[in-house]
Amino acid sequence: MTRILTRRRCMPVFGILAASLLLAGAAPVPAAASQPPCHPVSGTAELRAVLALPADAKSGLRVCLAAGRYDLKTPDFRAAFTGLDPARPIIFEAADPADPPVLTRWVFASGPEGGENGDAILRDLVFVLDDVPEVPPGETGFRGHRYGVAMGVGGITRNVTLERLTVRGSLGEARLGAPELERNLTGINGLRLRNVTIRDSRLERLVNGIIVGGTGITVTGNRMRHSWGDMLRISPQVHPGGCSDTEGVTVTRNMVYDHWANNRLHPDVIHMFASSGVSCSIRGLTIAENLAFPGVGMWQPGRPTGVRPRVPSAPPARLPEGDRAFHILQGAGISELPPAACTQERILIGVQRDGTYEGGGTAPLRLVPHPGDRLAEGQSHRHEIALTRPWQTVRLTCDPKRPGIWKAAPSLPAMQGIFTNSLPDGAGFEDVEIRHNILWVTAPAAVSFRDADNRGITVMQNTFLQPLPGDRDGDGQANTVLDGVNMRFPTSRVVLQNGRDLAVHNTISGGPPARKSGAEQSANVLLRPRGQDAGRYFAALPGPTLMPGTPQDAVALARPKPGRVPPGTGAVATEPGDDPVDWGWVSDPW
């Protein structure tokens, strides 16, 4: 055995092998009063040996991982966390949080006989999902699921705390030609959980951040950026042959911003739906004091996207067709569109001009219809569409009821807030409280619950706004479609469409709540959603913009100007000292 000296937090002890934790007859190093002694581990083989220890040897063990890379595989984790003592969880942490270990995955899995797993704490660890294969231009991406931390594999995962983790994927920015992945690339995932806390973690360059289902779940203090999909997904628990209700979930003080999405995989702050496809409810949710805003990366192509060349190239003489064909056409020139023929209305083509291509200059990229076809933009017919500005995009749709016509419109982002898909067969959302959130969204749903069996949903004292980005295209007119304002969805609404005991009050939103079946509204403030009108109600940085660039901007811009809204309305007040909650936590977002 070798003696390993670890940094700062760990006392030097002998290395761990599968057969024994300490040399025979050696007395353990006295533990600090608050936690057990530190057992240092260095390298994949030693960590694998710890995972293979008997359950009674692992319970209460504190494992300190030295800096370096640990390449474990899924079989290394099978049954590694079964049979542990719930009162004495095993702890895995960085020996030096300033120089943390890098892992490629972690799995809480039961053995072949099933049963529960868990009773563990992970802290100050980094997970890098860099083994996703590179995708050449013309292909869609890998077909599979990849998680930094996977829970609930083969059975319920119980009594787990994940804190101060970093999970980093391999996605790039869609606007710059990064390819779409066919399936999910997710930071933390688990749909069979009991008493799990995920806090103060950082997630980036992923499709989705956190996916959970179960009972007694807390998600707090987490940050997600530079990703493509949802910050948080909540679903009923998935069990073999069925599911059970997800219940008792608290989501507080999380932040999501600076999306790199391609908007086929468009982001939601929180998305709730039945991933299992069976009839189970979601109940007992508290969603409070969360912050979301699109950030600068979101102003990029809307639907569709898909495969786009990432190498400099001139536009082809004729564009290919297909609903997954979204091309960066670099340089000036003329491209003919394919025939406008389809059996159902769909977006077939998106075109984006790359502003980084040196040969592009200021000459336009011109799109012309196939001979005999027409181009329609709004109510007007055009001979061509010319893209002249860096990153300018256009989407083209065809309609079988109007053969031979391409309909052209700008490509716009779609970021939703708290969005639900209907739960099947009479299930619903129950006892949900949504309060003191600031969400800057670019799609109509700031909050949306549509199930007929919803019961007891309260939306109170939130601020839901549409960002207005100023004069991004430099034409002298601020907050137009060409600047990125989504006039197709000019409001940020609260939709409580069905159910009973539904309430919306003291919430600032960009449009009237959709209310049916007993939804009540009290002192709700409605904003004029178009143009700069909303800017009259809120603080603004210099210039006619309401586009947050930093978390501090997102809070400051949401403050109503004096006398514009009744006191006690919204998630922030005119003056910080009057805020209903403390927003000081956003000062250090990453």
Side-chain angles (χ1 to χ4, degrees), residues 191-193 208 211-217 219 229-239 241-251 266-288 290 414-435 437 439 441 443-462 464 488-489 491-507 509-524 526:
L191 292 179
R192 286 182 278 189
L193 307 181
N208 298 304
I211 301 175
V212 293
T215 61
I217 300 170
V219 180
D230 305 334
M231 180 194 76
L232 175 64
R233 289 184 170 183
I234 302 174
S235 291
Q237 303 175 71
V238 180
H239 296 280
C243 72
S244 60
D245 295 343
T246 280
E247 187 169 6
V249 180
T250 301
V251 183
H266 73 85
D268 296 337
V269 180
I270 299 175
H271 189 181
M272 292 183 274
F273 63 100
S275 60
S276 59
V278 293
S279 181
C280 295
S281 294
I282 297 176
R283 60 165 59 94
L285 305 183
T286 299
I287 299 171
N290 300 286
M415 174 183 174
Q416 298 180 128
I418 301 166
F419 187 83
T420 66
N421 292 103
S422 293
L423 299 175
D425 303 328
F429 297 88
E430 305 175 23
D431 300 326
V432 179
E433 182 178 86
I434 299 171
R435 57 174 173 80
N437 300 281
L439 307 182
V441 296
V447 172
S448 177
F449 287 82
R450 301 170 184 265
D451 278 317
D453 293 306
N454 291 332
R455 296 184 291 278
I457 298 174
T458 300
V459 181
M460 59 175 290
Q461 215 166 342
N462 302 277
F464 302 136
R488 183 181 178 194
F489 304 132
T491 62
S492 51
R493 303 182 67 185
V494 177
V495 181
L496 302 183
Q497 201 160 12
N498 299 290
R500 63 180 184 268
D501 298 327
L502 312 177
V504 181
H505 57 84
N506 296 89
T507 286
S509 63
R515 296 173 292 128
K516 293 184 179 180
S517 303
E520 92 180 40
Q521 176 187 3
S522 171
N524 206 64
L526 309 180

Residue pair V441, F419: steps toward the side chain to side chain contact (heavy atoms under 4.5 Å, CB included) verdict: CA-CA 12 Å; V441 296; F419 187 83; over 6 Å; no

Heavy-atom side-chain contact between [X] and [Y] under 4.5 Å:
X: H239; Y: S244; result: yes
X: F429; Y: T420; result: yes
X: S235; Y: T246; result: no
X: F449; Y: V495; result: no
X: V251; Y: L232; result: yes
X: E430; Y: D453; result: no
X: L191; Y: I211; result: yes

Option from I418, N290, I270 for which side chain to side chain contact (heavy atoms under 4.5 Å, CB included) with I434 holds: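 Filter result, single survivor: I418.
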
Testing V249, L423, V432, L285 one by one against M272 for a side chain to side chain contact (heavy atoms under 4.5 Å, CB included), which residue passes? L285

Taking the side chain from [X] and the backbone from [Y], do they hold a donor-acceptor pair closer than 3.5 Å?
X: D501; Y: I457; value: no
X: S509; Y: V494; value: no
X: N454; Y: G428; value: no
X: R283; Y: S281; value: no
X: N421; Y: F273; value: no
X: D230; Y: D268; value: yes
X: Q237; Y: D245; value: yes

Might you point out which heavy atoms bring [X] and [Y] nearest each other, and give the distance in Å?
X: M415; Y: V269; result: CE-CG2, 3.9 Å
X: P267; Y: G229; result: CB-O, 3.2 Å
X: A274; Y: P424; result: CB-CD, 3.7 Å

Identify, with sequence neighbours excluded, every residue that meets side-chain hydrogen bond (donor to acceptor under 3.5 Å, both in side chains) alongside S422. D451

With sequence neighbours excluded, residues passing side-chain hydrogen bond (donor to acceptor under 3.5 Å, both in side chains) with D431: none

If you round to the nearest 0.5 Å, how far is OG of S448 from CZ of R493?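 If we round to the nearest 0.5 Å, R493:CZ and S448:OG are 10.0 Å apart.
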
Nearest 0.5 angstrom please: H505 NE2 to Q461 CD, how far? 8.5 Å

Can H271 and N208 be counted as having a side-chain donor-acceptor contact under 3.5 angstrom?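 Judged by distance alone, the side chains do not pair up.
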
Less than 3.5 Å apart, any donor N or O on the side chain of E247 or T215 sitting next to an acceptor on the other? no

